[in-house]
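Below: one structure, written as structure tokens.
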Number of protein chains: 2
Amino acid sequence: MTPGPLSDRTRRVLACLVKDYIDSGEPVASAALCRRAGLGVSSATIRNVLAQLEDMGYVRQPHTSAGRVPTDLGYRYYVDMLLDTRRATRDASSVEARLREQAGAAPLFDQLLSSASHVLFEFSHHVGFAIAPSEQHAIFQRIEFVPLSGSRVLVVTVARGNHVSQKVIDTGEEIPPSALSQAASYLNAEFGGMPLADVRDAVIARLEQERTLYDQLRAIALTLARTTLEGIETPASVFIDGASSLADTGDATPVSLSTLRTLLQMVEEKQRLVRLLDAYLEGPGVAVVIGAEHHDPQLRGCSLVVAAYGDGARRGAVGIIGPTRMHYSRAISVVDGAAVAVARFLRDEN
Amino acid sequence: MTPGPLSDRTRRVLACLVKDYIDSGEPVASAALCRRAGLGVSSATIRNVLAQLEDMGYVRQPHTSAGRVPTDLGYRYYVDMLLDTRRATRDASSVEARLREQAGAAPLFDQLLSSASHVLFEFSHHVGFAIAPSEQHAIFQRIEFVPLSGSRVLVVTVARGNHVSQKVIDTGEEIPPSALSQAASYLNAEFGGMPLADVRDAVIARLEQERTLYDQLRAIALTLARTTLEGIETPASVFIDGASSLADTGDATPVSLSTLRTLLQMVEEKQRLVRLLDAYLEGPGVAVVIGAEHHDPQLRGCSLVVAAYGDGARRGAVGIIGPTRMHYSRAISVVDGAAVAVARFLRDEN
DNA sequence: GTTAGCACTCGTCAGGTGAGACTGCTAGAG
DNA sequence: CTCTAGCAGTCTCACCTGACGAGTGCTAAC
């Protein structure tokens with residue numbers, strides 16, 4: 001019951017048990033630990049230690065005469081230990097190399113994130129994802145209007161870091177191409193270099209200020225810009241790869257069918273993932289959410305390893321989702337590596 | 001053994017059996033058919049009929065003292081029957097209404113297809129998909145160049161039917177924005193209204209013809225156009241929705257885990273789906289591929305209902321994928337409805 | 001505090017049994 | 001010649017059983 005500090009031996013037994021279980025997927029017996037753990041004590045002593053650990057809630061027995069299996073709390077202890085030791089030894093290099101290879105020399109930001117999710121999947125064999133920062137704080141570089149049929153216009157916005165986004169708006173009346181391109185030039189000259197949210201506010205302010213706009217061109221440009229920037233808070237694009245790993249039939253079903261369903265739904269309705277992460281992403285570095293620690297009861301039974309990249313208001317996230325029984329050590333270093341690589345890319349591009 | 005024409009009674013028994021099995025998912029007994037089929041004969045007679053049907057390969061018994069289950073051949077017979085009767089009674093209206101509601105009044109082509117896959121999923125509760133026609137035959141309407149950082153340029157191409165596609169190219173040297181927009185104007189004026197493949201050929205021809213281009217602007221424009229149109233054969237965008245339905249735990253596992261994996265992989269590596277369909281899509285109307293009729297052995301155990309839309313060279317497809325035990329009648333009318341709706345949209349937009 | 005040894009518990013597996021579900025067959029009726 | 005009633009046969013499923021083995025908890029001795 002007492003969650004007090006564990007003795008060194010107890011810690012080592014727990015760590016070894018978790019590691020063994022992650023590798024084998026089968027309850028770990030005291031005899032096996034005795035052999036593997038390398039501290040010179042007999043299985044009987046280990047059994048006493050295990051009984052303690054069970055009292056404290058770190059391990060449990062599937063049934064009376066089975067070995068021990070880590071609980072979520074046990075995983076948590078193990079992971080915290082890892083996070084402490086790992087902090088120094090980042091081996092991001094191979095992840096970063098693969099990411100550069102995958103994404104090409106100078107990709108669009110979306111391509112980079114898509115590649116990141118793919119690389120995370122490749123390295124971890126679990127579902128990998130990458131989430132873009134909210135567009136609000138992106139630095140406006142350029143806008144372009146492409147006329148479509150009727151009164152519709154395709155708006156292409158480019159922000160720093162090759163962050164391209166597009167949107168279709170309906171202008172109500174047909175605007176000649178020449179007017180569109182002049183409007184674009186005006187906006188590019190006027191607002192280039194500002195954060196998108198500020199551009200939006202500035203546009204609205206000007207429209208308010210000068211009720212009657214004598215300059216027809218400026219009126220068109222500002223109105224177009226306002227419509228374009230209206231929905232700027234909402235999206236945050238999400239990239240996911242490796243959903244097929246959920247059906248991996250390695251040994252037994254790694255996650256329950258209902259959990260699988262929830263995850264697949266998340267793959268489709270990507271914004272759910274964003275909402276999920278908002279709750280967990282605070283500090284820097286890698287965060288791990290294990291099994292029952294999830295708020296959503298459907299997600300107990302799977303773990304989330306996630307790291308934020310970028311700074312201040314312009315933060316995104318990369319990570320992986322897999323069964324609670326995953327190779328945390330590898331997962332953590334891979335996710336960490338990916339976050340560092342994406343952050344570096346952002347810095348270099350600016 | 002003889003696949004000869006079935007007697008009216010035999011047909012009705014088979015149809016009733018398939019329908020019952022699709023509804024219940026359990027082997028159908030002679031007594032149940034006797035009750036449901038409504039032809040005034042006893043279960044013993046039904047049993048004789050069933051023995052015949054089994055000889056001919058339309059049904060089988062999971063084990064000696066179980067009811068009958070349709071084979072793929074049985075489903076095939078049932079579906080062919082449906083296709084015959086259904087041809088007249090298209091009730092596309094509700095599908096089309098939902099599609100218009102979902103996609104909005106005048107969507108981009110991609111949005112339309114994305115909505116179509118979603119609506120197919122909604123109506124059938126199976127995986128819905130929509131595939132765009134190859135870009136080659138799209139009618140070129142407009143091109144626009146947006147400068148990115150360094151020597152990279154974002155190219156936005158608009159084809160008829162609000163078919164927008166984009167691509168990043170590296171020009172090697174930085175080109176000033178004004179030159180880019182002039183190049184775009186030149187290309188728009190010169191090639192508007194031609195099929196993209198023809199535009200590509202024309203561009204290449206001109207570059208060949210006039211080795212030394214005195215007009216700097218034309219040189220830039222043509223070179224940009226060539227690079228842009230290089231990879232025009234490859235893509236064919238694919239939209240898929242409802243993968244989570246694969247994990248539906250309605251009754252037992254509807255598809256095997258390995259089939260599920262194959263399908264999930266197909267969801268990720270979408271081009272596989274395109275290759276799959278190329279083999280089946282020939283005539284007009286709805287095509288159904290059932291279980292073992294698939295070439296890919298991994299896909300036995302699931303069925304594909306698909307219909308082409310559009311005409312001639314400019315054909316795409318919509319459809320659904322689900323377990324062999326699916327509501328074919330509904331599936332067929334829904335897929336048919338979606339194909340008709342998408343085709344109508346294409347026609348209206350042109 | 002540690003260890004050896006032993007009794008005990010519990011899940012798993014193979015084998016066996018009874019009930020229930022349907023069929024195939026056969027003999028007889030229409 | 002077609003249909004039907006009835007019955008024996010066969011198979012699955014659920015349940016129980018006992019032997020086995022894995023692994024523990026406990027205790028007494030070091």
Side-chain angles (χ1 to χ4, degrees), chain A residues 1 4-14 16-18 20-21 23-71 74 251-253, chain B residues 1 4-14 16-18 20-21 23-71 74 251-253:
Chain A
M1 280 302 141
L6 272 49
S7 84
D8 188 54
R9 185 172 70 192
T10 312
R11 275 212 302 276
R12 287 180 61 177
V13 169
L14 178 54
C16 188
L17 183 141
V18 174
D20 265 30
Y21 180 70
D23 282 339
S24 71
E26 287 183 357
V28 186
S30 57
L33 283 174
C34 185
R35 238 177 298 120
R36 291 267 286 95
L39 16 87
V41 296
S42 81
S43 65
T45 309
I46 305 275
R47 279 203 286 282
N48 288 329
V49 174
L50 288 177
Q52 272 176 264
L53 283 171
E54 184 155 8
D55 279 349
M56 293 189 285
Y58 290 117
V59 299
R60 67 185 177 82
Q61 289 180 287
H63 56 263
T64 315
S65 82
R68 263 36 175 235
V69 164
T71 59
D251 35 15
T253 321
Chain B
M1 279 302 138
L6 274 48
S7 83
D8 188 53
R9 185 172 69 189
T10 312
R11 274 211 303 278
R12 286 181 61 178
V13 169
L14 178 55
C16 188
L17 183 140
V18 175
D20 264 30
Y21 180 71
D23 282 339
S24 71
E26 287 182 358
V28 186
S30 57
L33 282 173
C34 184
R35 239 176 297 122
R36 291 267 284 95
L39 12 88
V41 295
S42 81
S43 65
T45 308
I46 304 275
R47 278 200 288 281
N48 288 329
V49 175
L50 288 178
Q52 273 176 261
L53 283 172
E54 185 155 7
D55 279 349
M56 294 188 283
Y58 290 117
V59 299
R60 67 185 176 81
Q61 290 181 285
H63 55 264
T64 317
S65 80
R68 278 2 188 254
V69 164
T71 60
D251 35 15
T253 323

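Protein chains get the first letters and strands the later ones, always in sequence-line order, with residue 1 at the start of each. Quick caveat, the model's predicted, so the values are computed rather than measured.
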Which value, rounded to the nearest 0.5 Å, describes the distance between [X] atom [atom1] and [Y] atom [atom2]?
| X | Y | atom1 | atom2 | value |
| --- | --- | --- | --- | --- |
| B/Thr10 | B/Tyr58 | OG1 | OH | 10.0 Å |
| B/Leu53 | B/Asn48 | CG | CG | 11.0 Å |
| A/Arg12 | A/Leu33 | CZ | CG | 12.0 Å |
| B/Leu50 | B/Asp55 | CG | CG | 11.0 Å |

Can you tell me if A/Thr45 touches the phosphate of C/dT3, counting only side-chain N or O atoms and a distance under 4.0 Å to OP1 or OP2?
yes

Using side chain to side chain donor-acceptor pair (under 3.5 Å) as the criterion, list what pairs up with [X], not counting sequence neighbours.
| X | result |
| --- | --- |
| A/Gln61 | none |
| A/Arg36 | A/Asp20 |
| B/Thr71 | none |

Could you list where the contact with chain A starts and ends along DNA chain D, reading 5' to 3', using a 4.0 Å heavy-atom cut-off?
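Nucleotide range in contact with chain A: D/dA22 to D/dG25.
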
Protein-proximity profile, nucleotides 20-30 of chain C, B/S/- by nucleotide at the 4.0 Å heavy-atom cutoff, equals -BBBB------

Does any non-hydrogen side-chain atom of B/Arg68 lie less than 4.5 Å from one of B/Val28?
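They are not in side-chain contact.
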
Passing candidate, side chain to side chain contact (heavy atoms under 4.5 Å, CB included) with B/Val13, options B/Asp8, B/Val59, B/Ile46:
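The passing option is B/Ile46.
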
Please list each protein N or O that sits under 3.5 Å from an N or O in nucleotides 12-15 of chain C, with the distance.
none

Please give me the minimum heavy-atom distance between A/Gly67 and A/Pro62, naming the atom from each residue.
O-CD, 3.4 Å

